[in-house]
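To find a chain, count down the sequence lines: A is the first, B the second, and so on, and within it residues start at 1.
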Amino acid sequence: MGRSTDAGLDELLTDLSEPQREAVTHTDGPLLILAGPGSGKTRVVTRRAAYLAATVTEPWHILAVTFTNKAAREMQERIAALSPGEGMTVSTFHALGARLLRIHHDRAGVPPNFTIFDTDDRRKVIKQAIEQCDLSTTNWQPAVVEREISLAKSTMLTAEAYAIEETDWRQRTIARIYEAYEALMTNMAGLDFDDLLMRVALLLGRDSELRDRLEDRYRYVLIDEYQDTNAAQYRIAQLLTQQRRNLCATGDPDQSIYGWRGADIGNILRFEGDFEDARVVRLEQNYRSTKRILSAADALIAGNMQRKEKTLWTDNADGPAVRAVEYDTADEEAHSIAAEFAVLSRQGANLSDTAVFYRVNSLSRVVEEALIRSGVAYQIARGVEFYRRKEIKDVLAYLRVMVNPADALSLLRVINTPPRGIGATTVKRLVAVAEAAGRSVLDLITSGDDLSALGRSAAKVGEFGELWGKLADVLDWPAAKAIEHVVSHSGLRAFYKPVTDAEGGPGRNIDELISAAADFHKQQPDATIRDWLEHTALVSDVDAVESDTGSVTLMTLHAAKGLEFDNVYMIGLEDGLLPMRRFDEDESEDTEEERRLCFVGMTRAKRRLTLSRARYRTSRGSAARTVRSPFLDELPRGEIEWVGGDDRTSRRDDVGMADTSKGLPPDIEQWEVGTLVRHPTHGLGRIMSMHRGAKRTHVDVEFQEGGRRSWVLEFANLVRVAFDEVD
DNA sequence: AATATTCCCGTTTTT
DNA sequence: CGGGAATATT
């Protein structure tokens, strides 16, 4: 056993509540930890891992799986602090998948040096696939097809399986695209995010020998955030624990917020059905939040119908009232919050413990601007965005082709970046020649063939071939050094030089990339460039969040899961935003997930929670009036301090527009963004925006039959339609 | 072939 | 409003 002194064991069990101790000391057999927010789940999980290592197994027999790198890193650190010994595996699902596919590539039927294609790459390949099928990308929107394929993969439907399941013409067509997409990806030795899960699930399902080996290696498996697992992840968890059945799942159905990407809340609800002898531990005492925050959150989540009853309670102080603030405009909202931060900061408060959450990334902009103006330091959780920047993708593309010469997507990106006289037509010819010769483009370029078929561009291509010869041997270098080399010899550095010094300019970003690579190398000296690329492909937004920076943290509600802050601001509590509503979807189903999302956000707060909303918000250009989020109305009146005029009857309805009322519909007060309307010739539509000028009211209506039109409301023959009148 | 210009349309959320 | 793509210009 890793460590077994009695003193050590006692130490692992101190300061635990009864249910916590029960979970920690449960060693063999299925265990479900239903952990409410702030219930000390991480503490239980880390102690349990150390406990297992100290009593029944060795550290290297323990596998813990999380959803983000940040979570994995933190879990690793906290377990390490309990010194259970070396060798435990703590990983994200996707990183684990990549690693297993790498090691067992022959069994999995994937190329050994596959590279991971991110969503941008995947989008491009899907577009290619659609075009290859002679379909138009207007009728078959890449984003829609991408989503469909992604959801198929998350339920382990391969292209073949999907084709068999065909039900209608639409699906049959998507099946064709799916197959074309897979063929392209295979050609390029690329795997997408969903492959990392699907292929592992399928591999484990059919290869019992490998399964046995893995089961012997990973005898105790922990899956964190089990409520957010999709079918493939669920399958992996089951397959890894078939014989020993030492699966410990932790999670909270009330915090399931990834249904939209295939997560199945049923996985956690079904746990006791899957394992009849499962031990279930409920952690319901909250150690994080004040009574007021907890009861507000609890009241909100109680509005969900499909849910396991749960009693959250805390011994913590009442704390200050939860605030609900209504502002007139989003600017005002942002500036007011920024001003509060400025005051706190002046009072010497540490803003590391403060966060702003929002439903959609686009809301960060107003807040950022306000914070800059007020001189408040902030950080934004957006690790992914960094790696999506042009210049960064340019650099990475070079490395990708080196690691995986089949990666034509990256090669075509790189071949004329920076511009070196190889234009679109030349590239097209090059691809055609390669195809005719049955060889790869890179092969063609680098093997010194006769390229005269390319006309006068042949020389340029030849030069690129030479350049490539000089670049390609950095493959074994540490990533930072390799990037430095590539950047200077490819001409990228010089190309970006003119803008290089600008704040956040391309040159600076490349420098940042280099130092990130250097950090990586320091932490994992044995890692190859391929490992580094994999690492960059699998970052999440939260991964970029640092603690103790002294600055306010801005992030989406999704990114906030699992974190906690003293002082939390949630903005944009508006109908249609939070809860988010899309126009083509039936509404009831998603509202519960939206409510959970709101619940997640609220329960991040330890001491102070402020929810706010703006009566007018500018989105993509034009300002539109908003409707207060129904979630605000679901909060217990007594616990909430309302600021800025609370309900619908106050102020906004009597702002001087008296003389415009002439031609307006009689029920104009009930019209707002989202209202359904009928037009004599255009049919049923929905108001997308509403603009009240001094004299005229303008509306923007999107019609069910397609199309979008704007009118001056006084002159449009629009009639309001109630939801229940719609067939 | 490279750069300048206009136009179009829209991401919810993320590994 | 702003990025990306189609289109115009040099």
Judged by nearest nucleotide, the residue sitting upstream toward the 5' end of DNA chain B, L197(A) or G421(A), is G421(A)

Taking the six-membered ring for Trp, are Y226(A) and Y234(A) parallel (under 30°), tilted (30 to 60°) or perpendicular (over 60°)?
tilted

Looking only at dT15(B), dT12(B), dG10(B), the nucleotide nearest the R359(A) side chain is dT12(B)

Taken to the nearest 0.5 Å, the spacing of Q306(A) CD from I265(A) CD1 works out to 8.0 Å

Here the distance between atom C1' of dT11(B) and atom CG of L578(A), to the nearest Å, is 16 Å

Picking from dA2(B), dA1(B), dT12(B), the nucleotide nearest the side-chain atoms of T426(A) would be dA1(B)

Taking for W260(A) and for G423(A) the nucleotide of DNA chain B with the nearest heavy atom, the one nearer the 5' end belongs to G423(A)

Touch check for D194(A), heavy atoms < 4.0 angstrom, all strands: base, sugar-phosphate only, or nothing? nothing

Looking only at dT13(B), dT15(B), dT12(B), the nucleotide nearest the H94(A) side chain is dT15(B)

Quick note, V542(A) side chain, CB onward, closest among dT15(B), dT13(B), dT3(B) is dT15(B)

Y258(A) near the nucleic acid: base, sugar-phosphate alone, or nothing, with a heavy-atom cut-off under 4.0 Å?
sugar-phosphate

Residues at least two apart in sequence or cross-chain that pass salt bridge (Lys or Arg N to Asp or Glu O under 4.0 Å) with D192(A), listed by chain then number, are R122(A), K153(A)

Notebook entry, point to check: Is R508(A) positioned over the aromatic face of Y496(A), cation under 6.0 angstrom from the ring centre and no more than 45 degrees off axis?
Noted result: no

With sequence neighbours left out, the residues meeting ring-ring contact (aromatic ring centres under 6.0 Å, His included) with F67(A) are F93(A)

Quick note, S540(A) side chain, CB onward, closest among dT15(B), dA2(B), dG2(C) is dT15(B)

Separation of dG3(C) atom P from E391(A) atom CD, nearest Å, is 13 Å

Between CZ of F357(A) and P of dT12(B) the distance, given in whole Å, is 22 Å

Hits for salt bridge (Lys or Arg N to Asp or Glu O under 4.0 Å) against K460(A), two or more places apart or cross-chain, chain-then-number order -> none

Whole-Å distance, M580(A) CE to dT14(B) P, equals 11 Å

Can you find a side chain N or O atom of N361(A) that sits less than 4.0 Å from OP1 or OP2 on dT12(B)?
no

Whole-Å distance, R147(A) CZ to dT13(B) C1', equals 10 Å

With syn meaning chi within 90° of zero and anything else anti, the base of dT11(B) is syn

The nucleotide from dA1(B), dT13(B), dG10(B) with an atom nearest the side chain of S457(A) is dA1(B)

Of the candidates dA1(B), dT12(B), dG10(B), the side chain of T425(A) sits closest to dA1(B)

Checking dG2(C), dA2(B), dT14(B) against the side chain of R365(A) (C-beta onward), the nearest is dG2(C)

Residues at least two apart in sequence or cross-chain that pass side chain to side chain contact (heavy atoms under 4.5 Å, CB included) with T138(A), listed by chain then number, are S136(A)

Sorted by chain and number, sequence neighbours left out, side chain to side chain contact (heavy atoms under 4.5 Å, CB included) with Q141(A) holds for V144(A)

To the nearest angstrom, the CD-P distance between E592(A) and dT13(B) comes to 22 Å

note: R122(A), atom CZ; dT14(B), atom P; distance rounded to Å ~ 15 Å

Need one value for A95(A): base, sugar-phosphate or nothing, where a base atom within 4.0 Å counts as base even if backbone is also close, heavy atoms only. nothing

Under a 4.0 Å heavy-atom cutoff, the residues of residues 554-565 of chain A touching DNA chain B are T556(A), H558(A)

Exercise. On a whole-Å scale, what distance lies between the C1' atoms belonging to dT13(B) and dG4(C)?
Worked result: 22 Å

When rounded to the nearest 0.5 Å, the distance separating CZ of R99(A) from OG of S91(A) is 7.0 Å

Atom CG of D120(A) and atom C1' of dT11(B) are separated, to the nearest Å, by 12 Å

### Query
For dA2(B), does OP1 or OP2 lie under 4.0 Å from any side-chain N or O of N416(A)?
yes

